[in-house]
Every structure is written in C-alpha cells, then in structure tokens.
Amino acid sequence: MKLKRLLTESIIQCGMNGGCISYIEATDHGLHPENNPANLDMAWMPSHNAWFCTKCCENLIEGDKTLRKERHPDYMRQLKERGFL
C-alpha cells in the first residue's frame with residue numbers, strides 16, 4: 001500500500017489514474033502505455049495537491065473556472081477549506 005501511495009503521488013503518473021485523458025487517447029489508438037510508457041508533460045496543481053498530464057490539467061482548470069463562475073457552493077467551500085479564499 002505504501003508503494004502504491006507513493007506511485008500515485010509521484011510525477012510519473014497522472015493524478016487522474018485510469019481516467020487520464022492522455023491514457024484513454026493512447027489506448028483508443030491501440031497503444032498500451034503500461035507496456036510502452038510515454039513521456040508526458042506534467043503539471044503540478046496545488047489546488048488538488050497532485051501531478052496531472054497537461055491535457056487533464058487543462059480540463060481541470062476549465063472545470064474549476066466553470067465552478068468558480070457559477071459560485072458552486074461545494075467548490076467555494078473547498079476553496080475556503082484549502083485557504084484559497
């Protein structure tokens with residue numbers, strides 16, 4: 001469990017895990033990233049305290065913009081809890 005936790009917190013794996021957009025696109029094209037690792041650009045997202053590939057990062061940022069614009073109560077609560085507001 002400790003090794004798995006360290007892997008999920010590292011820069012070598014997107015924080016979206018199996019829901020990673022880059023991973024899904026690769027498997028749709030017949031590539032199997034677990035057998036042929038791809039070099040992905042990664043970005044640290046402090047709001048999520050995790051590393052994400054740039055495609056997932058862009059998707060999360062757009063989702064955050066939408067929630068912030070709509071002032072979704074759950075999103076605003078999370079921002080307050082994390083000290084961003």
Side-chain angles (χ1 to χ4, degrees):
M1 288 300 290
K2 185 178 179 181
L3 183 58
K4 188 172 184 172
R5 181 183 56 79
L6 291 172
L7 176 64
T8 59
E9 293 175 357
S10 74
I11 193 171
I12 62 173
Q13 181 174 323
C14 178
M16 295 296 280
N17 298 319
C20 173
I21 296 169
S22 299
Y23 178 84
I24 293 169
E25 286 178 358
T27 55
D28 286 348
H29 288 96
L31 301 173
H32 299 284
E34 63 273 3
N35 298 329
N36 303 314
N39 293 332
L40 296 175
D41 289 332
M42 303 292 276
W44 174 256
M45 292 207 45
S47 59
H48 295 276
N49 199 30
W51 289 97
F52 295 93
C53 72
T54 52
K55 289 182 181 183
C56 286
C57 189
E58 289 169 1
N59 193 35
L60 288 168
I61 290 169
E62 289 305 313
D64 284 354
K65 284 181 183 177
T66 301
L67 291 173
R68 189 177 308 123
K69 184 178 178 182
E70 295 173 356
R71 300 193 60 79
H72 191 278
D74 292 337
Y75 180 74
M76 300 309 287
R77 179 182 44 78
Q78 283 181 347
L79 289 178
K80 287 177 186 172
E81 287 174 356
R82 293 179 179 166
F84 291 111
L85 289 180

The reported gap from CH2 in W44 to SG in C57 (rounded to nearest 0.5 angstrom) is 11.5 Å
Ignoring hydrogens, what is the shortest heavy-atom contact between G19 and I24? Give both atom names and the distance. O-CD1, 3.9 Å
Please name all residues satisfying salt bridge (charged side-chain N to carboxylate O under 4.0 Å, His left out) with E25, sequence neighbours left out, ordered by chain then number. K55
Between the side chain of H72 and the main-chain N/O of D74, is any donor-acceptor distance below 3.5 Å? yes
Are D64 and Q78 close enough that some pair of their side-chain heavy atoms sits under 4.5 Å apart? no
How about C20 and C53: do any of their side-chain heavy atoms sit closer than 4.5 Å? yes
Which residues satisfy the side-chain contact (heavy atoms from CB on, under 4.5 Å) test with K2, sequence neighbours excluded? R5, L6
By the rule that ILVMFWY residues connect when side-chain heavy atoms come within less than 4.5 angstrom, directly or transitively, which residues belong alongside M45? M16, F52, L60, I61
